[in-house]
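Sequential numbering from 1 along the given sequence is applied to the chain's residues. As the structure lists them, so they are numbered: ligands from 1, and atoms in each ligand from 1. Quantities reported herein were computed from a predicted structural model and do not represent experimental measurements.
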Amino acid sequence: MSKTALITGINGQDGSYLAELLLDKQYDVYGLVREISNLTLLEPILSDIALLHGDVTNQTSLDTAVNEIQPDEVYNLAAQSSVAASWGDPVATGEVTALGVLRVLEAVRQHCPDARLFQASSAEVFGNVEEMPQRETTPFCPRSPYGVAKVYAHWATVNYRETYGMFCCNGILFNHESPRRGIEFVTRKITNGVARIHNGLDTELRLGNLDAMRDWGFAGDYVKAMWMMLQQDEPDDYVVATGEAHSVRDFVDIAFSEVGLNYEDYVVVDPKFFRPAEVNFMLGDVSKTKKILGWEPDVAFNELVRMMVLVDLEIFNSVKSDNRSIFGDLD
Ligand code: NDP
Ligand code: GDR
């Protein structure tokens with residue numbers, strides 16, 4: 001019999017990849033979306049999934065969804081997921097990214113306690129901790145309202161596992177990117193900027209801290225780890241990372257090189273994009289996840305940058321050819 005999964009945040013980057021993975025595995029896939037949610041990333045699979053309206057700030061909507069669907073697996077991906085934006089609205093970030101998780105846990109406990117639950121925890125829980133690389137036992141030391149909210153969510157998930165015996169797992173996810181990444185994150189801002197400059201639409205790209213180091217992987221690989229966690233005999237928490245760190249500058253350099261440009265001619269460092277508190281260096285120790293789940297990332301850093309640049313270039317090419325078909329040949 002096919003399994004049933006409920007995904008919150010299904011229309012986001014990870015949600016869309018995870019929905020595709022679960023459809024391939026013959027799951028019945030349900031997703032929670034808001035009235036205002038943009039469904040573009042789900043367009044190719046809209047006829048294969050079922051969407052319900054709800055919001056992690058609204059307990060009733062979660063109770064109703066979980067009670068009606070009776071899912072075998074719940075993937076809680078919903079969050080205000082931008083670290084940078086979390087300083088601008090710390091209270092709303094806490095409502096969604098911290099208390100929203102508690103509401104999902106409560107909905108599952110009350111209405112479907114045998115469901116297995118994945119919580120999207122984050123490497124931001126570690127902040128600027130000295131231990132390097134960071135593993136499941138590294139102390140938490142968050143540096144942003146987002147990181148603080150994820151710490152709350154992480155411990156709430158552990159507590160429901162320990163207190164109620166529920167099958168709850170935290171995936172401590174390091175940065176993962178793709179052509180579906182939101183433009184507010186640095187990687188997609190860079191690849192979109194490269195495509196714009198390459199097409200003569202911009203002459204510069206304004207960025208913040210180029211020296212920050214991140215452990216960047218491919219989102220399509222990371223959703224496989226989420227699924228694997230819920231297939232184990234026992235629930236546990238796992239770091240998901242590549243074990244390799246690169247600077248923002250490295251990313252920029254490779255992205256501009258893809259179109260034969262030198263980033264130093266185009267990138268302007270703008271203090272506007274510096275953060276009130278920065279996490280300087282993130283690097284994950286993924287040995288437990290490799291050993292117990294048997295998970296390995298498939299896409300290497302250089303391939304990831306290339307993939308994102310190529311897709312952004314294609315997007316501009318298709319916009320140009322659409323304009324040609326409407327207005328005739330523009331060249
Ligand atoms: P996205 O920002 O792409 O997706 C976030 C999703 O949450 C969207 O579908 C959004 O829907 C939804 N959402 C926001 N607010 C609410 C709300 N009040 N109620 C219900 N849904 C809401 O993030 P990613 O896909 O990249 O990340 C998925 C999860 O993994 C997040 O929890 C994120 O914090 C976490 N994470 C991500 C990492 C990464 O590098 N990508 C690393 C570590 C953790 P809407 O369109 O309506 O806003
Ligand atoms: P992050 O991702 O904060 O690590 O959170 P982001 O891509 O926003 O920043 C990465 C690093 O790049 C530096 N940076 C810039 N960042 C942005 N957004 N815009 C800029 O112009 C810019 N210039 C330099 C930042 O200072 C930072 O050091 C992501 C999110 O997916 C979270 O949800 C997730 O939990 C963590 O990764 C792990």
Task: Within reach of ligand 1, part of Glu124 (heavy-atom separation under 4.0 Å) - done: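 Answer for Glu124: neither.
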Task: Proximity to ligand 1 by part of Tyr146, non-hydrogen separation under 4.0 Å - done: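 Looking at Tyr146 and ligand 1, just side chain atoms fall under 4.0 Å.
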TODO: Would you please determine whether Phe174 falls within less than 4.0 Å of ligand 1 on a heavy-atom basis?
DONE: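 For ligand 1, residue contact (heavy atoms, under 4.0 Å) with Phe174 is present.
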- [ ] May I ask whether Ala123 has any heavy atom positioned less than 4.0 angstrom from an atom of ligand 1?
- [x]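 Outside the 4.0 Å threshold, so no.
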Open item on the list: Is there a polar contact, in the sense of an N or O pair closer than 3.5 Å, between Leu32 and ligand 1?
Closed with: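 Checking ligand 1 against Leu32, no N or O pair falls under 3.5 Å apart.
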TODO: Please list all pairs passing the salt bridge (Lys or Arg N to Asp or Glu O under 4.0 Å) test where one or both residues lie in residues 104-132, with sequence neighbours left out.
DONE: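 The answer is Glu106-Arg109, Glu131-Arg135.
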Open item on the list: Does the structure place the NZ or CZ of Lys224 under 6.0 Å from the centre of the six-membered ring of Tyr17, at an angle of no more than 45° from the ring's axis?
Closed with: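 Negative - Lys224 is either too far from the ring of Tyr17 or too far off its axis.
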TODO: Would you kindly check if the NZ (Lys) or CZ (Arg) of Lys25 is within the cone defined by 45 degrees around the ring axis of Trp227 and under 6.0 Å from the six-membered ring centre?
DONE: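 Positive - Lys25 is close enough to the ring of Trp227 and near enough to its axis.
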TODO: Please determine if Trp216 has a nitrogen or oxygen closer than 3.5 Å to a nitrogen or oxygen of ligand 2.
DONE: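 Not met; the criterion fails.
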TODO: Report yes if Ser122 has an N/O atom closer than 3.5 Å to an N/O atom of ligand 2; otherwise report no.
DONE: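 Yes, there is a polar N/O contact under 3.5 Å.
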- [ ] Could you list the atoms of ligand 2 found under 4.0 angstrom from a heavy atom of Glu278?
- [x]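 Heavy-atom distances to Glu278 below 4.0 Å select 25 (C), 26 (O), 27 (C), 28 (O).
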Open item on the list: Please classify the Met282 to ligand 2 contact at 4.0 Å (heavy-atom distances, strictly less than): side chain, backbone, both or neither.
Closed with: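 Answer for Met282: neither.
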- [ ] For ligand 2, note which part of Phe274 has a heavy atom under 4.0 Å away: side chain, backbone, both or neither.
- [x]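 No part of Phe274 is near ligand 2 at this cut-off.
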Heavy atom of the protein closest to [atom] (residue, atom name, distance):
atom: atom 22 (C) of ligand 2; result: Val186 CG2, 3.5 Å
atom: atom 6 (C) of ligand 1; result: Gly9 CA, 3.7 Å
atom: atom 3 (O) of ligand 1; result: Gln13 N, 3.0 Å

